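All of these numbers come straight from a predicted model, not from anything done at the bench. A, B, ... follow the sequence lines: proteins, then strands. Residue 1 opens every chain.
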2 protein chains.
Amino acid sequence: MSVDDLRPVRPATLEDVARVAGVSRATVSRVVNARPTVDPALRRKVQDAIEATGYVPNQAARSLVTRRTDSIALVVSERERRDVAASFVGRVFTDPHFGRVVGGLLEVLRPAGVPMALMLVDDEDSRRQLLSYLRRGHVDGAVLISSHASDPLPQLLSETGLPAVIAGNPAGSATLPYVEVDQRAGARMAVDHLVSLERRRIGTITGPQDMPAARERLTGFHRALAAHGISDAPTAEGDFTQAGGAEAMRRLLSEHPGLDGLFVASDLMAQGALLTLERRGLRVPHDIAVVGFDDSEAALACEPPLTTIRQPVEEMAAEAARLLLGQITAREAPPASSIFRPTLVERASA
Amino acid sequence: MSVDDLRPVRPATLEDVARVAGVSRATVSRVVNARPTVDPALRRKVQDAIEATGYVPNQAARSLVTRRTDSIALVVSERERRDVAASFVGRVFTDPHFGRVVGGLLEVLRPAGVPMALMLVDDEDSRRQLLSYLRRGHVDGAVLISSHASDPLPQLLSETGLPAVIAGNPAGSATLPYVEVDQRAGARMAVDHLVSLERRRIGTITGPQDMPAARERLTGFHRALAAHGISDAPTAEGDFTQAGGAEAMRRLLSEHPGLDGLFVASDLMAQGALLTLERRGLRVPHDIAVVGFDDSEAALACEPPLTTIRQPVEEMAAEAARLLLGQITAREAPPASSIFRPTLVERASA
DNA sequence: CTGAAAGCGCTAACAG
DNA sequence: CTGTTAGCGCTTTCAG
């Protein structure tokens, strides 16, 4: 009942535990780190002492010697946009694709006990902050999501020497290993499907053309059309949002009223396009067959349910996490990139 | 041109810089930490040496002595759900409200140079991992977003003694300071507005009733109705998603076909409700006036544009960040919570 | 299998 | 204004 019974202001250290258990710091350390070479009896004493003192390892001290933090960063890099209406953060988090990526990463990281810090980069300033954060050794590695072509971050990141993997194709400049889906093949599958449905007047709503993925899908679309001997390719650019898809559909329709097939570069935009079609009194798929891309939740929320190209986003993200973890553990040369194949998911819209 | 010219395998330390600059470690430390008490001439020499060696401070070593990491965590805690269709991560990131919170936090954190690690918690396991992460001293404090009533996390977090602030009301148990909007007042403003439009048959689409915010809005709705002498209150529960709103609207309509006013507890659900109304041939606001909640982007994407209750989400989040930073710096008793007032934003739907 | 001892890289008194 | 001197708490050889 003396002052000593008060909870210590200073958190317990390894030293404290060692004293209570009557062993050396080294032994406590072994127990904490689950080393097998400890006498069961001592192990018990140490565990009791840990319990009694409420000991929690100090991460900084540990990192200082191990040079590991046992955590990684997820870096999301977007191009700068200063317009309030579509602020960066809102866009990223509203995109269902992003949620799926996070889900896939966590599937691997969680069981491994590796926490993930999310870092957002959208201008020079935040980029500098991020690089400094990474270089100071706050994390052991990073997964980078970078959607726009002119992003300097992949290059800068690779120069830090920190283990890193890109989720998505880094605009050709493969300075880092990446995980990606074969976008062109996906577009081709969409077109092939529309053609098999006897559609010949096929248009497309694309994503922003400064995003490699959007470009690839358009390229695939064009090539597939050409392969079927179709030369006309009505196109409208969207911005990967639902509202943008609705708007692009209006433009497409006003210039090409006779379309009977449509490939939309994302389900979210397709959802918007479908709304426009409904309001114009066009029936799907009777008047115009529609194929989306992603196979996200949006595809199911569509009326009618959307036929779409599935990218195995979660699996890809999980693979990215595995590659990164492997790279961190092995400290070897960066692993090879891996390309996944998309699949056609047939529902009611085409 | 000897072996010594090779880039060092070992990153430069303060010691290296000191040697190159011909000063002591302490002086280099002072320069790195921008202490004013350094002779300009020496300062230059040190800066050159830093440049030459490519020195970057080691965060672990620094944290070990300062007991600070200069970073914080954003903890998002959701109730467990194991159904694939609505996986946790997808839900969180698809919610525009969340994006706004992050934006508001970053507004304060970025200029302060404080990185934010995003941590997701949705089950016992991830909760344990989170607490361990926090206790090991990975971050200096945490902002918690916890939307469901029975969440044990606020309590557990408060027991760690780590500085923390809750964004949103923690289900009454105010063990931690929080920042919140007056939900009931918001609901009252919506009802008052509908009544001023001569509507008397007013229904509501609520959020999940295990979420305090949703409950508060419903309570406010009931009280406001009562204040106007209206006793009937048609209600349907939604899940804060667009599809859920559309579905709730269908149920509401089938049981109460004569509604002429509607309060929806979120813009996203209102967007869905509007779609249902359109398909039923009901005109808004002529046949039924609709008021949403949030004033998110969804409100503008609505057809017609949605009259809604604006919560100053970004400002609230910014305030939460300020409270947290203050608490970390001052190491004082937790600050008081703060309540913000909502406002009515009149557009075309009511 | 266990303990002693040597740092990891940095900041913070404290003298000078 | 600058340098010296102690550690911060932990892991890790290396002997025993």
Side-chain angles (χ1 to χ4, degrees), chain A residues 8-47 49-50 53-71 132-138 140 331, chain B residues 8-47 49-50 53-71 132-133 135-138 140 329 331:
Chain A
V9 182
R10 175 180 64 74
T13 70
L14 214 54
E15 179 85 54
D16 299 329
V17 179
R19 198 174 325 112
V20 172
V23 299
S24 73
R25 281 191 340 241
T27 298
V28 179
S29 177
R30 290 185 185 108
V31 172
V32 170
N33 293 293
R35 294 263 194 285
T37 63
V38 177
D39 182 286
L42 276 193
R43 178 185 302 280
R44 261 235 67 71
K45 286 175 88 169
V46 171
Q47 278 162 343
I50 288 175
T53 54
Y55 170 74
V56 177
N58 177 313
Q59 184 61 43
R62 178 178 279 177
S63 291
L64 184 54
V65 33
T66 60
R67 304 181 160 280
R68 300 270 247 92
T69 66
D70 301 311
S71 68
S132 150
Y133 178 83
L134 296 179
R135 278 197 271 254
R136 271 176 302 175
H138 250 295
D140 297 336
R331 236 39 206 91
Chain B
V9 181
R10 177 180 62 75
T13 70
L14 215 53
E15 180 85 55
D16 299 328
V17 178
R19 198 174 326 111
V20 172
V23 300
S24 74
R25 277 187 350 235
T27 298
V28 179
S29 177
R30 290 184 185 108
V31 172
V32 170
N33 294 294
R35 294 266 194 282
T37 64
V38 177
D39 182 283
L42 274 193
R43 180 186 300 281
R44 262 234 66 71
K45 286 175 84 170
V46 171
Q47 278 163 344
I50 288 175
T53 53
Y55 170 74
V56 177
N58 177 313
Q59 183 63 40
R62 179 179 279 176
S63 292
L64 184 54
V65 34
T66 61
R67 305 182 159 282
R68 301 270 247 93
T69 66
D70 301 311
S71 68
S132 151
Y133 178 83
R135 278 196 271 253
R136 271 174 301 175
H138 250 294
D140 297 336
T329 307
R331 236 39 206 92

Chain A contact limits on DNA chain C, taken 5' to 3' with a cut-off of 4.0 angstrom to heavy atoms = C:dC1 to C:dG9

Sequence-distant partners of [X], side-chain hydrogen bond (donor to acceptor under 3.5 Å, both in side chains), two or more places apart:
X: A:Asp39; answer: none
X: A:Thr69; answer: A:Ser71, A:Asp140
X: A:Arg67; answer: none
X: A:Arg35; answer: none

To 10°, what angle do the rotation axes through the five end pairs on each side of the helix from C:dC1-D:dG16 to C:dG16-D:dC1 form?
-> 30°

Return the minimal non-hydrogen interatomic distance between [X] and [Y], and the atom names on each side.
X: A:Ala21; Y: A:Ala49; result: CB-CB, 3.7 Å
X: A:Val31; Y: A:Arg43; result: CG2-CA, 4.2 Å
X: A:Tyr55; Y: A:Leu14; result: OH-CD1, 3.3 Å
X: B:Thr53; Y: B:Val17; result: OG1-CG2, 3.5 Å

Would you say the side chain of B:Asn58 lies within less than 4.5 Å of the side chain of B:Thr13, judging by non-hydrogen atoms?
-> no

Can you find a heavy atom in the side chain of B:Lys45 that is under 4.5 Å from one in the side chain of B:Thr27?
-> no

Using heavy atoms and a sub-4.0 Å distance, could you list which residues of residues 63-71 of chain B are near DNA chain D? By number, please.
->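 B:Leu64, B:Val65, B:Arg67 - these, ordered by number, are the residues of the stretch whose heavy atoms sit under 4.0 Å from the strand.
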
Nucleic acid contacts - residues 38-45 of chain B versus DNA chain D, non-hydrogen atoms under 4.0 Å |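 Going residue by residue through residues 38-45 of chain B, the ones with a heavy atom under 4.0 Å of DNA chain D turn out to be B:Val38, B:Asp39, B:Leu42.
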
Only counting residues at least two apart or in another chain, list the ones meeting side chain to side chain contact (heavy atoms under 4.5 Å, CB included) with A:Val56.
-> B:Arg135, B:Arg136

OP1 or OP2 of D:dC8 sitting under 4.0 Å from any side-chain N/O of A:Asn58?
-> no

Is the shortest side-chain N/O distance from A:Ser29 to OP1 or OP2 of D:dC10 below 4.0 Å?
-> no

What distance do A:Ser63 atom OG and B:Leu64 atom CG have between them, rounded to the nearest 0.5 Å?
->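 A:Ser63 OG to B:Leu64 CG: 10.0 Å, rounded to 0.5 Å.
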
May I have the distance from B:His138 (atom NE2) to D:dC10 (atom P), rounded to whole angstrom?
->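 The distance from NE2 of B:His138 to P of D:dC10 comes to 14 Å, rounded to the nearest Å.
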
Between the protein and nucleotides 4-6 of chain D, are there any N/O to N/O pairs under 3.5 Å, and if so, what are the atom names and distances?
from  : atom 1 : to      : atom 2 : distance (Å)
D:dA6 : N6     : B:Arg25 : NH2    : 2.9

Any pair with a residue in residues 11-32 of chain B that passes salt bridge (charged side-chain N to carboxylate O under 4.0 Å, His left out), sequence neighbours left out, goes on the list, sorted by first then second residue, please.
-> B:Arg10-B:Asp16, B:Glu15-B:Arg25, B:Asp16-B:Arg19

Residue met sooner reading DNA chain D from 5', once A:Val56 and B:Gly22 are mapped to nucleotides |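 Result of the comparison: B:Gly22.
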
Want to settle it: does B:Ala61 or B:Thr37 sit nearer the 5' end of DNA chain D, counting the closest nucleotide to each?
->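 It is B:Thr37 whose nearest nucleotide is closer to the 5' end.
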
Residues at least two apart in sequence or cross-chain that pass ring-ring contact (aromatic ring centres under 6.0 Å, His included) with B:Tyr133, listed by chain then number, are B:His138

Using a 4.0 Å heavy-atom cut-off across all strands, classify A:Arg35 as base, sugar-phosphate, or nothing.
-> sugar-phosphate

Name the nucleic acid region contacted by A:Val23, choosing base, sugar-phosphate or nothing; use a 4.0 angstrom heavy-atom cut-off, strictly under.
-> sugar-phosphate

